[in-house]
Amino acid sequence: MFCYQCEQTAQGKGCVGPVGVCGKNEDLAALQDLLIFGLKGIAAYAYHARELGAHDPEVDAFMHEALFTTLTNVDFDLDHHLQMVLKAGEMNLKIMELLDRAHTERFGNPVPTKVYTGLKKGPAILVTGHDLLDLYELLKQTEGTGINVYTHGEMLPAHAYPELKKFPHLVGNYGTAWQNQKKEFEEFPGVILGTTNCVLIPKDSYKDRMFTCGVAHLPGVKHIANRDFSEVIKKALELPPAEEKEGGYITTGFHHTAVLNLADTIIEGVKSGKIKHFFLIGGCDGAKTTRNYYNEIADKVPKDSIILTLACGKYRFIHKDFGEIEGTGIPRLLDIGQCNNSYSAVKIALALAEAFKVGVNDLPLSLILSWFEQKAVAILLSLLYLGVKNIRIGPTAPAFLTPNLLAILNEKFGLKLITTPDEDLKAILG
């Protein structure tokens with residue numbers, strides 16, 4: 001444990017060890033960290049929802065209560081902190097549902113959509129981050145300018161929303177996940193706009209053609225206020241136009257409304273034995289080579305299994321052709337969308353459980369998640385709140401969790417770390 005939140009820390013430098021000066025032990029400190037990281041994730045989704053005019057007073061009130069709970073000398077009860085952590089999962093589920101409703105009311109229900117990964121000739125703007133409203137406003141302001149707009153990273157699912165699809169100059173998706181952006185942005189022949197998190201401090205080679213908006217700010221990068229993208233447009237028109245570059249296609253847009261339209265076919269596929277298992281393989285991506293686990297296990301999943309994916313972890317394998325479930329016409333790989341579209345994954349799982357009249361944990365469904373930051377923590381807490389068991393996470397355990405706390409989560413929920421693709425598939429499939 002390391003804690004320096006009060007004046008009376010050991011030697012005035014911070015309490016290190018199993019117990020602090022106040023009596024708080026390392027497990028309690030870890031739970032407080034877990035709660036705060038979950039609140040940060042909730043804040044991200046609540047911010048996006050509020051930008052679209054939606055908010056939830058219960059979620060807002062919980063944010064205050066939970067933060068107060070972590071103040072110095074307020075709450076030393078381990079069980080109560082566990083309850084608060086699970087309550088954070090409940091509130092995150094509520095805010096993801098609210099954000100999903102705000103997105104679909106504003107931009108329509110996503111539909112499966114093939115997205116081009118090459119470049120078209122002409123001036124270009126690349127949009128990264130998560131904010132669909134920022135992208136919508138940019139698309140409106142660039143109409144008739146001859147500028148082609150591309151998505152990057154978590155913005156890929158934008159192509160599936162009807163109100164965004166209607167803009168013909170939203171032409172494709174360029175690049176992959178956030179950790180590759182310094183190379184990809186340097187090579188992109190146009191302007192880059194960062195809308196939210198998952199931006200890196202830019203290299204000098206492209207800093208002068210990068211902009212931020214919303215909550216994103218970068219040193220030496222021009223920040224756009226009030227969604228007035230005139231400077232972004234001006235810069236894009238000043239730069240040499242992009243040259244044509246051939247690309248392939250990737251498919252996104254398997255929102256729960258789209259997947260549930262296939263429910264009868266999926267249910268029949270399960271009953272006939274054509275679909276034996278469902279895997280959710282997704283989450284955050286990152287730079288560690290151990291993350292190759294996720295593309296390796298996706299490759300090794302049996303042909304009679306459906307792979308659901310979401311967030312930027314999908315870039316490990318989304319460019320591959322996984323084909324269809326034989327005799328059903330259902331793609332084996334279904335990209336649900338952004339990290340906040342974890343709500344869609346929950347809706348799909350609950351709908352399948354209801355159709356087969358079993359609990360979620362009785363479904364032939366395995367969750368194999370990659371985590372990186374606070375939003376992933378909030379989503380994990382939502383799954384634990386729902387009682388989902390036997391989740392595998394990786395590539396490493398969160399450093400803020402003590403071995404004892406990990407053991408508690410394993411005992412209560414079966415939460416475990418990934419091992420190897422072969423070992424985990426053997427354990428899952430028997």
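Keep in mind that this is a model prediction, so the values were computed, not measured. Quick note: numbers below take in every heavy atom, side chains included, and nothing from hydrogens, waters or symmetry partners. For reference, positions follow the sequence shown, starting with 1.
For Lys389, the NZ atom is loosely surrounded, since the number of other residues' heavy atoms within 6.0 Å does not exceed 12. Annotation: Lys416, atom NZ; neighbour count of heavy atoms from other residues, nucleotides and ligands within 6.0 Å is above 12. Atom NZ of Lys426 has 12 or fewer heavy atoms from other residues, nucleotides or ligands within 6.0 Å. No more than 12 heavy-atom neighbours from other residues, nucleotides or ligands sit within 6.0 angstrom of CD on Glu246.
No salt bridge links Glu97 with Lys94; every basic N to acidic carboxylate O contact stays at or beyond 4.0 Å.
Checked by atom type, the side-chain pair Gln32/Thr70 shows no donor-acceptor distance below 3.5 Å. Remark: the Thr151 side chain and the Asn173 side chain contain an N/O donor-acceptor pair separated by less than 3.5 Å. A donor-acceptor pair shorter than 3.5 Å can be found between the side chains of His152 and Glu184. Inspection of the His159 and Thr252 side chains reveals no N or O donor paired with an N or O acceptor under 3.5 Å.
Taking CD1 of Ile233 as the reference point, atom CG of Leu138 lies at 6.0 Å (rounded to 0.5 Å). Here CG of Leu308 is found 10.0 Å from CZ of Phe254. Values are rounded to the nearest 0.5 Å. Remark: Lys245 NZ to Leu119 CG distance equals 6.0 Å, nearest 0.5 Å. Taken to the nearest 0.5 Å, the CZ atom of Phe279 stands 8.0 Å off from the CD1 atom of Ile307. Atom-to-atom distance recorded for Asn148:CG and Leu126:CG is 12.0 Å, nearest 0.5 angstrom.
Asp100 pairs by the side chain to side chain donor-acceptor pair (under 3.5 Å) definition with His255, not counting sequence neighbours. The side chain to side chain contact (heavy atoms under 4.5 Å, CB included) test applied to Ala66 returns Leu35, Leu39, Phe62, Met84, not counting sequence neighbours. Applying the side chain to side chain donor-acceptor pair (under 3.5 Å) rule to Lys303 yields no partners; only residues at least two apart in sequence or on another chain are considered. With sequence neighbours left out, the side chain to side chain contact (heavy atoms under 4.5 Å, CB included) criterion links Lys234 to Glu238.
By the 30° and 60° cut-offs, the orientation of the rings of His130 relative to His48 is tilted. Classification of the Tyr136-Phe167 ring pair by plane angle, with boundaries at 30° and 60°, yields perpendicular. Using a 30° and 60° split on the angle between ring planes, Trp371 and Phe400 fall in the perpendicular class, above 60°.
The stretch residues 344-358 participates, sequence neighbours left out, in these side chain to side chain donor-acceptor pair (under 3.5 Å) pairs: His256-Ser344. Among residue pairs with one or both ends in residues 253-282, those qualifying as salt bridge (charged side-chain N to carboxylate O under 4.0 Å, His left out) are Lys276-Asp304; sequence neighbours excluded.
Annotation: side chain of Thr176 is not in contact with side chain of Asp285 (no heavy-atom distance under 4.5 Å). Between Leu34 and His81, the closest side-chain pair of non-hydrogen atoms is not below 4.5 Å.
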